[in-house]
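Notes for the one structure printed next.
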Protein chains: 2
Amino acid sequence: MSSIVPSLSHRLDGLQSSAIRDLLKLTERPDVIGLAGGLPDEQLMPRDRIALAAEAALADRSRLQYTQSAGWGPLREVLAARESARLGRTVPVEEVFVTHGSQQALSLLGEVLLDPGALVVVEDPAYVGALQVFRAAGARIVAVPLDAEGMRVEVLRELLDRGERPAVVHTVSNFHNPRGVTMSPARRRELAELADRYGFWVLEDDPYGELWFDRPSPDPVATYSPNVIRLSSASKILAPSLRAGWMVAPGVVCRGVELLKQGADLCGSALTQQITAELLADTDWLAAHVDKVRRSYGERAGALVGALRERLGHRVVSTEAAGGMFVWADFTDGTRTTELLPRAVDHGVAYVPGSAFAVGEDYGQSMRLCFTTSDGPVLREAVDRLARAVGE
Amino acid sequence: MSSIVPSLSHRLDGLQSSAIRDLLKLTERPDVIGLAGGLPDEQLMPRDRIALAAEAALADRSRLQYTQSAGWGPLREVLAARESARLGRTVPVEEVFVTHGSQQALSLLGEVLLDPGALVVVEDPAYVGALQVFRAAGARIVAVPLDAEGMRVEVLRELLDRGERPAVVHTVSNFHNPRGVTMSPARRRELAELADRYGFWVLEDDPYGELWFDRPSPDPVATYSPNVIRLSSASKILAPSLRAGWMVAPGVVCRGVELLKQGADLCGSALTQQITAELLADTDWLAAHVDKVRRSYGERAGALVGALRERLGHRVVSTEAAGGMFVWADFTDGTRTTELLPRAVDHGVAYVPGSAFAVGEDYGQSMRLCFTTSDGPVLREAVDRLARAVGE
């Protein structure tokens, strides 16, 4: 008997795999120095401290059980205390919601905050994971460019003046992925004022804020308005496999997210959430640990930016590396980074072309370079290879 | 300055928290014997074996890193081998997809398989987590009743004869939650034939299949048709906090689920996935462990059903407890279980009224009783209290 094959949903039409992920597959050759990835350095992750915490967590059998959809209570309490300190106000536990990485917070918020056709403003270039969420929600997406001070809020203001009414404005406020920049305090205040005046949600997506090199990140946008939902994660300071992200949001938003989380995956893991809570609560240890990550990444970023200026400064302009995981560089000599990539890989170095993050602009002469997983000499060798690939 | 509060999505309208979860909150008084929950017994979870596996997993730092969206490779291989044995055919790794509990598989499949307005056939009474997913997908839901042999496939056939064309038919084929019954081999074959003839997907949701007491569960529905997507989980045989569920589905479905998983939460935890893989691959240990769980649950189920018959047999009919975690019982004397519940809680026992799972029918005189977390004497005491609550 021949059988009829059932069909798939139209939701899949046009949905494409992340360009970055596909590229990563192509550039995983062991002889290629990978600046294309976006991974924190596993050598800097606190393996022994996690093992201790795992042992402690498993002493209590209830850590093997299902937990609350909003997150294991003691983790929410630790996060509420941390966020209270960061925001300068008391954040009640009810306004903290634990998710499976901050990507899940974005995804559930996309459903809670957006009706199909709603306007979402993103930064250009954009964090691709956010674009995926907003596209899946059927949002209309408008991009506002970034400069050295972060989102160009005056462009957002022009949009609003023209009568556009976004439901959500998304920003990676600190050490932007991919653009490397941090929003200035003045722009943060301005963005918050616009959110209050026009009644939109700001999603302040902040996985990198603690990874500053020389001076702490500015006060969060959420300091200035109740209309800001803050997202962060333990992936970049502890370990991605804890899958611990969180959001700070008004109770009504958290309750909406809770309803959707029950259908999405019931709850997170009490085991990895207790490990996360123990490490975040061990404040002296945590301060020393994060400091070590900062120092290593700072040295690597310095080596990468230094080599770019020394070897390619006459044809490449790059961001200052003040924190986070990425440097953004623009060719000023007309080099197209998508065309250059295969030649670069042949020379043993990989990056992500700017076009992978482009929304409104082209970014055809730009590239994102990740400095987290290579040390100084390797990064300098990577830039040498890049120079040879462009014919130096 | 007064600020304008942004609004929430209309998707939340009418979305309600799971009735079971809300009820659980009300019945968590320590003096109440809880037969309302749906949790496996944490005392039977292999804590020491998990601790060993956690130590082994943490010996490799790469277990702290992000992993593949489709799941950590070696876990997919272990699952492919297990499912090959279960299905009697070689299941390629590409057809195995690891999710954050099988609830996430349901949720992502809801998006991959269903357009708004698509027809979904569920069993009545239904697994509430599946209903949440299908409602969120905007599906039109039609219920087919269950009897002692599982889904009444002849009712589905009548629907098809009348011209209804479901996109998806959902079944909990073994030890149904909440109804306790198992679909007979003849009905499995019949359902698979209908799927082939009419081109719909069968979601065979099978978290309880290994928890049989006297004889193994019948061959899966997926044995009989390529149009069946099989879902299962480590939550009921190992531990929920591993958050390891999986599906076996054609490659085209897995690729759709992968695209959505990237946006939903990027990936699972390499740490808990390695723990799960190690335990599932340790076949001698696993066989002994699952056997122990079976024996305990079998004794408890026997005690509960025995007490129901002895104390309430003249006014209550219950399922045979052949496996799984639940007994379904119907009052034959007109007792309304929703009205009885507050009185039952006053007498120190809680259950879930049948109406919480009802789709088409009423089930007003039914209740679901979970026997997993109480031993024989406690279960007999629970039935005594229930008998006093109905005025015996």
Side-chain angles (χ1 to χ4, degrees), chain A residues 1 3-6 8-12 15 17-18 21 39 42-43 45 47 50-51 54-55 58 61-66 100-101 103-104 107 111-115 129 132-133 136 167 196-201 225-227 239-241 243 252 256 259 262-266 269-272, chain B residues 1 3-6 8-12 15 17-18 21 39 42-43 45 47 50-51 54-55 58 61-66 100-101 103-104 107 111-115 132-133 136 167 196-201 225-227 239-241 243 252 256 259 262-266 268-272:
Chain A
M1 190 184 72
S3 76
I4 299 175
V5 180
L8 302 184
S9 154
H10 291 98
R11 290 174 213 234
L12 290 174
L15 195 62
S17 180
S18 151
R21 280 184 172 256
L39 304 180
E42 61 202 42
Q43 297 304 323
M45 295 177 198
R47 189 252 310 257
I50 288 173
E55 208 183 316
L58 286 167
R61 281 180 178 276
S62 70
R63 292 302 89 76
L64 299 173
Q65 194 55 279
Y66 290 98
H100 186 76
Q103 182 69 30
Q104 188 181 44
S107 163
E111 290 187 66
V112 168
L113 305 180
L114 298 174
D115 285 313
Q132 277 182 296
V133 163
D196 286 348
R197 183 169 335 143
Y198 292 96
F200 56 79
W201 295 105
S225 164
N227 290 356
S241 75
R243 304 311 294 123
V252 61
L259 289 177
Q262 289 175 8
D265 63 9
L266 290 179
S269 166
L271 176 57
T272 60
Chain B
M1 189 184 74
S3 76
I4 300 176
V5 181
L8 303 183
S9 156
H10 290 99
R11 288 173 214 235
L12 291 174
L15 195 62
S17 180
S18 151
R21 281 184 173 260
L39 304 181
E42 61 201 41
Q43 298 305 323
M45 295 176 198
R47 187 253 309 259
I50 288 173
E55 207 182 316
L58 286 166
R61 283 180 176 276
S62 71
R63 291 304 89 74
L64 298 173
Q65 193 55 279
Y66 291 98
H100 187 78
Q103 182 69 29
Q104 188 181 42
S107 163
E111 291 186 66
V112 168
L113 306 180
L114 299 174
D115 285 313
Q132 277 181 295
V133 162
D196 286 348
R197 184 172 331 147
Y198 292 96
F200 56 79
W201 295 105
S225 163
N227 291 355
S241 76
R243 305 308 297 124
V252 62
L259 289 176
Q262 289 175 9
D265 63 8
L266 290 179
S269 167
L271 176 58
T272 60

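In what follows, chains carry the letters A, B, and so on, assigned in the order in which the sequence lines appear, proteins first and then strands, with residues in each chain numbered from 1. This one's a predicted model, so the numbers in the text were calculated from it and none came from an experiment.
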Is a donor on one side and an acceptor on the other found under 3.5 Å between the side chain of A:N227 and the backbone of A:G199?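 Not confirmed, A:N227 side chain does not pair with A:G199 backbone.
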
Partners meeting side-chain contact (heavy atoms from CB on, under 4.5 Å) with B:V5 (sequence neighbours left out): none

Within the 4.5 Å heavy-atom criterion, are A:Q104 and A:R243 side-chain neighbours or not? no

Side-chain contact, heavy-atom cut-off 4.5 Å: A:S9 with B:D115? yes

Which atoms of [X] approach chain B - backbone, side chain, both or neither, heavy atom under 4.5 Å:
X	value
A:L114	backbone
A:E55	neither
A:R47	both
A:V112	both
A:T272	side chain

Is there a side-chain contact (heavy atoms from CB on, under 4.5 Å) between A:W201 and B:L8 once you walk through the steps? CA-CA 10 Å; A:W201 295 105; B:L8 303 183; 4.0 Å; yes

Atom CD1 in B:I50, atom CG in A:L58: separation rounded to 0.5 Å?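 So the gap between those two atoms works out to 7.0 Å.
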
Here the gap from A:S269 atom OG to B:H100 atom NE2, rounded to the nearest 0.5 Å, amounts to 7.5 Å

Taking B:R61, B:Q103, B:Q43 one by one, which has the highest count of heavy-atom pairs under 4.5 Å against chain A? B:R61

Top of B:G263, B:S225, B:A239 for chain A proximity - count of heavy-atom pairs under 4.5 angstrom: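 Among the listed options, the one with the most contacts to chain A is B:G263.
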
Among A:Q65, A:E111, A:R63, single out the residue with the greatest number of heavy-atom pairs under 4.5 Å to chain B.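 That would be A:Q65.
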
For chain B, which candidate among A:A264, A:P240, A:G129 shows the most heavy-atom pairs at distances under 4.5 Å?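 Option with the greatest count: A:P240.
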
